[in-house]
Amino acid sequence: MIEINVDKKEKTYFILMIIVTVLLVVPMVFLLPILLPLALFLLVGQGLLIGYVKGNGVRVSEQQFPDIYKVVVRQSATLGLQTIPKVYIMESGGLLNAFATSFLGFNYVVLYSELVEVSYDKGRDVVEFVIGHELGHIKRNHINKKLMTFPAQLVPFLAQAYSRACEYTCDNIGYSLNQKGAEQGILVLAAGPKLAKKMNAVAFYKQQYTETGFWVWLSEKLAYHPNLSKRVKLEKDTLVIGRPLKEQDDFVQEKVSEPTVNMEDYSNYLPKN
Ligand SMILES: [Zn+2]
């Protein structure tokens with residue numbers, strides 16, 4: 001059993017986005033001549049992105065990076081995902097990143113190769129946290145929720161606030177799946193794999209209270225991810241990522257049922273096509 005801590009703000013902002021979407025539907029009918037081509041443009045753009053990923057990325061499978069694939073299968077089962085997302089590794093010119101997306105009903109996770117290299121250099125914890133974080137976006141249906149509330153995505157500050165809340169939720173999910181990887185992962189994202197091990201994590205955590213001001217505030221309010229230093233927490237001298245499970249009142253607790261499949265029988269989770 002794993003407990004998912006859904007950031008309370010995620011639900012609040014999602015309700016706000018639904019309200020804004022409903023309010024904007026009527027005025028947007030008059031903008032259909034502009035919006036329809038825009039929607040088509042976005043659909044084609046997404047299709048091209050997925051096409052590029054499929055054509056150039058390395059599809060993770062039982063034959064290709066099977067150890068990474070096992071992590072995906074295990075975490076998908078733990079989170080109760082209906083189908084295993086298609087996972088690709090892509091060369092990224094040194095970028096440490098990953099993202100989850102969906103297209104025409106299929107879910108995809110892209111892991112940048114530098115990030116996967118970290119896992120082979122330093123153990124699998126970091127990549128387990130990152131995969132868990134990205135599967136969290138799929139578990140919480142974040143991508144489709146953003147599509148469903150497309151008009152609200154055009155409202156400055158609101159869309160970003162919702163997105164940041166989603167990121168906190170997925171940090172919680174990744175943290176639940178691999179705590180050690182979560183701690184290392186944020187530091188790696190901040191300073192890169194080599195410098196991360198030399199970092200003073202507590203000093204980095206304290207930056208959120210010392211590196212402040214209007215521009216720091218505005219920069220985060222317009223960002224879709226929280227500031228990295230704010231993704232690190234200190235709980236009784238222990239660093240945690242996301243928010244501590246014990247702060248029950250800050251969270252809506254959601255129970256995820258135990259995986260009911262035989263963990264060794266991966267055929268249940270093989271992609272459908
Ligand atoms: Zn994320």
Side-chain angles (χ1 to χ4, degrees), residues 6-7 9-57 59 81-83 85-93 95-112 130 133-171 173 189 215 217-228 271-273:
V6 177
D7 194 307
K9 284 184 180 176
E10 179 188 325
K11 294 201 169 182
T12 305
Y13 285 130
F14 185 58
I15 291 168
L16 270 176
M17 295 215 304
I18 290 173
I19 293 169
V20 169
T21 300
V22 170
L23 291 175
L24 287 179
V25 159
V26 173
M28 289 188 84
V29 168
F30 297 100
L31 293 173
L32 275 182
I34 300 170
L35 292 176
L36 279 179
L38 177 65
L40 189 64
F41 178 78
L42 293 174
L43 184 72
V44 170
Q46 183 71 353
L48 290 174
L49 169 68
I50 296 300
Y52 183 82
V53 168
K54 282 182 153 185
N56 296 280
R59 173 83 180 267
L81 297 184
Q82 297 293 317
T83 54
K86 298 177 182 185
V87 178
Y88 294 84
I89 294 174
M90 294 200 70
E91 205 286 320
S92 57
L95 276 177
L96 286 160
N97 213 341
F99 64 89
T101 189
S102 72
F103 186 64
L104 302 178
F106 292 98
N107 293 313
Y108 300 86
V109 172
V110 175
L111 306 169
Y112 286 3
V130 172
H133 176 108
E134 300 306 332
L135 294 183
H137 284 302
I138 293 167
K139 171 68 182 174
R140 294 291 304 154
N141 208 14
H142 287 154
I143 301 133
N144 291 326
K145 282 178 178 168
K146 287 176 184 176
L147 277 176
M148 281 159 39
T149 55
F150 170 71
Q153 294 292 323
L154 304 175
V155 178
F157 295 104
L158 177 58
Q160 290 89 338
Y162 173 67
S163 178
R164 289 195 304 276
C166 292
E167 294 303 328
Y168 280 126
T169 295
C170 290
D171 273 355
I173 293 172
L189 288 175
W215 295 110
W217 173 84
L218 184 62
S219 152
E220 191 187 33
K221 293 302 173 198
L222 293 173
Y224 289 86
H225 283 72
N227 287 342
L228 277 174
K272 296 289 182 278
N273 63 340

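Treat the numbers as computed from the prediction; the structure is a model and nothing was measured.
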* Asked: Going by heavy atoms in the side chains, are C166 and K145 under 4.5 Å from each other?
  -> no
* To do: Would you give the length of the straight line joining atom CD of E134 to atom CD1 of I173, rounded to the nearest 0.5 angstrom?
  => 10.5 Å
* Asked: Between Y168 and K9, is there a cation-pi geometry (under 6.0 Å to ring centre, at most 45° from the normal)?
  -> no
* To do: State whether the side chain of Q46 and the backbone N or O of L104 hold a donor-acceptor pair below 3.5 Å, judged by distance alone.
  => no
* Asked: If you count the non-hydrogen atoms of other residues, nucleotides and ligands that lie under 6.0 Å from CZ in F99, is the total more than 12?
  -> yes
* Taking C-beta and beyond as the side chain, do M17 and Q153 meet within less than 4.5 Å on heavy atoms? -> yes
* Structure fact -> Value for CZ (F150) from CG (L38), rounded to nearest 0.5 Å, stands at 5.0 Å
* **Any R59 side-chain heavy atom under 4.5 Å of K86 side chain** => yes
* **Min side-chain heavy-atom separation Y162-K146 under 4.5 Å** => yes
* Asked: Any side-chain heavy-atom pair from F157 and L218 closer than 4.5 angstrom?
  -> yes
* To do: Enter the distance from L16:CG to K11:NZ here, rounded to the nearest 0.5 Å.
  => 15.0 Å
* Less than 4.5 Å apart, any side-chain heavy atom of T149 and any of V20? -> no
* Is it true that a side-chain atom of E220 and a backbone atom of N227 form a donor plus acceptor pair closer than 3.5 Å? -> yes
